[in-house]
Amino acid sequence: MRILIVEDDRSLARGMEASMAAAGFAMDFVSTGEEAIEVLFTEPYNLAILDLGLPDMDGLEVLSHLRRRELQIPILILTARDAVSDRIEGLDRGADDYLSKPFHPRELESRVRALIRRSLGTADPVLRIGRLSFDRSTRTVQLNRSVVELRRRELAVLETLMGRPGRVVTRECLTAEVFNFADAVAPNALDVYVGRLRRKLMPDGPVIRTIRGLGYMLEGS
């Protein structure tokens with residue numbers, strides 16, 4: 001899952017980026033409202049974390065602009081403002097959740113996972129295909145009830161494919177979900193991760209098929 005952090009406090013943004021990346025998310029961050037508006041309409045994101053105290057415009061203005069242009073992804077408001085009226089205004093303008101500073105990184109991770117599950121139409125944190133299960137809350141994968149050890153990027157590839165079983169996921173889409181725009185991505189990087197994943201799911205896991213010229217598909221069962 002790919003997330004954009006909109007936060008002008010670079011230290012806080014880096015801290016969130018590190019903790020969320022460790023939890024399996026691909027993270028990008030920008031520091032102004034203008035940058036947020038531009039990148040959210042040019043890059044595919046599953047969720048945005050939006051601070052209200054931005055240097056160029058109020059975060060609520062950014063929120064209103066995004067919703068007027070019908071951006072549908074979940075938006076989590078992050079702010080030091082603790083007045084009830086501020087919370088109400090943010091939610092009324094289209095925010096999906098509200099988290100006050102200071103906060104614990106694990107609470108942020110939990111809220112993000114819940115919002116993404118809700119946006120995907122499932123409240124269950126566990127994805128299942130045949131004998132394979134992926135618990136998105138603990139980032140653990142089991143095949144035939146035995147744990148499968150996967151690295152972070154392998155987990156990201158699997159999560160994306162398991163979220164779309166039986167459907168073709170284009171290389172462009174999969175790359176955007178797995179890597180952030182600061183990553184130096186080698187031309188064959190995606191093939192390397194898919195190849196490793198295939199080997200670790202053999203012989204009892206679902207098959208990852210290459211759809212030539214398009215991308216990959218995880219066969220449902």
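Start at 1 with the first residue, then count along the sequence.
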Looking at side-chain heavy atoms only, is the closest gap between [X] and [Y] below 4.5 Å?
X      : Y      : value
Arg196 : Arg151 : yes
Met57  : Val62  : yes
Phe103 : Leu78  : yes
Arg136 : Arg117 : yes
Ile77  : Leu63  : yes
Met217 : Val169 : no
Phe41  : Leu66  : yes
Ile5   : Asp28  : no

For the residue pair [X] and [Y], what are the closest heavy atoms and their distance?
X      : Y      : result
Leu190 : Arg171 : CD2-O, 3.8 Å
Ile73  : Ala48  : CD1-N, 3.9 Å
Ala13  : Phe29  : CB-CD1, 3.9 Å
Val178 : Arg153 : CG1-CD, 3.4 Å
Asp56  : Gly33  : OD1-N, 2.9 Å
Val6   : Thr32  : CG1-O, 3.9 Å

Could you give me the CA-CA distance, side-chain angles and deciding distance for Leu218 and Arg164, then say whether side-chain contact (heavy atoms from CB on, under 4.5 Å) is met? CA-CA 8 Å; Leu218 188 69; Arg164 302 166 176 86; over 6 Å; no
Please check if the side chain of [X] supplies one atom and the backbone of [Y] the other of a donor-acceptor pair under 3.5 Å.
X      : Y      : value
Asn144 : Ser146 : no
Arg139 : Asp135 : no
Arg2   : Met27  : no
Lys200 : Glu149 : yes
Thr42  : Val39  : yes
Glu35  : Ser31  : yes
Gln72  : Glu70  : yes
Asp96  : Leu76  : no
Ser119 : Ile116 : yes
Asp8   : Leu54  : no

Looking at Arg67, I want to see if its CZ is surrounded by more than 12 non-hydrogen atoms of other residues, nucleotides or ligands under 6.0 Å. yes
How many angstroms lie between atom [atom1] of [X] and atom [atom2] of [Y], to the nearest 0.5 angstrom?
X      : Y      : atom1 : atom2 : result
Ser64  : Asp92  : OG    : CG    : 10.5 Å
Leu52  : Asp58  : CG    : CG    : 6.0 Å
Arg131 : Asp204 : CZ    : CG    : 5.0 Å
Leu158 : Ile208 : CG    : CD1   : 6.5 Å
Leu108 : Met20  : CG    : CE    : 5.0 Å
Arg152 : Leu155 : CZ    : CG    : 9.5 Å

Looking only at side chains, do [X] and [Y] share a donor and an acceptor under 3.5 Å apart?
X      : Y      : answer
Tyr216 : Asp191 : yes
Arg106 : Ser19  : no
Thr210 : Arg198 : yes
Arg128 : Ser133 : no

Carefully, step by step, assess Gln142 and Val148 under the rule side-chain contact (heavy atoms from CB on, under 4.5 Å). CA-CA 5 Å; Gln142 291 192 4; Val148 181; 6.0 Å; no
Glu17/Arg14 salt bridge by N-O under 4.0 Å criterion: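 Result for this pair is yes, salt bridge flagged.
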Going through the checks in order, is the side-chain contact (heavy atoms from CB on, under 4.5 Å) test met by Val112 and Ile49? CA-CA 9 Å; Val112 165; Ile49 300 172; 4.2 Å; yes
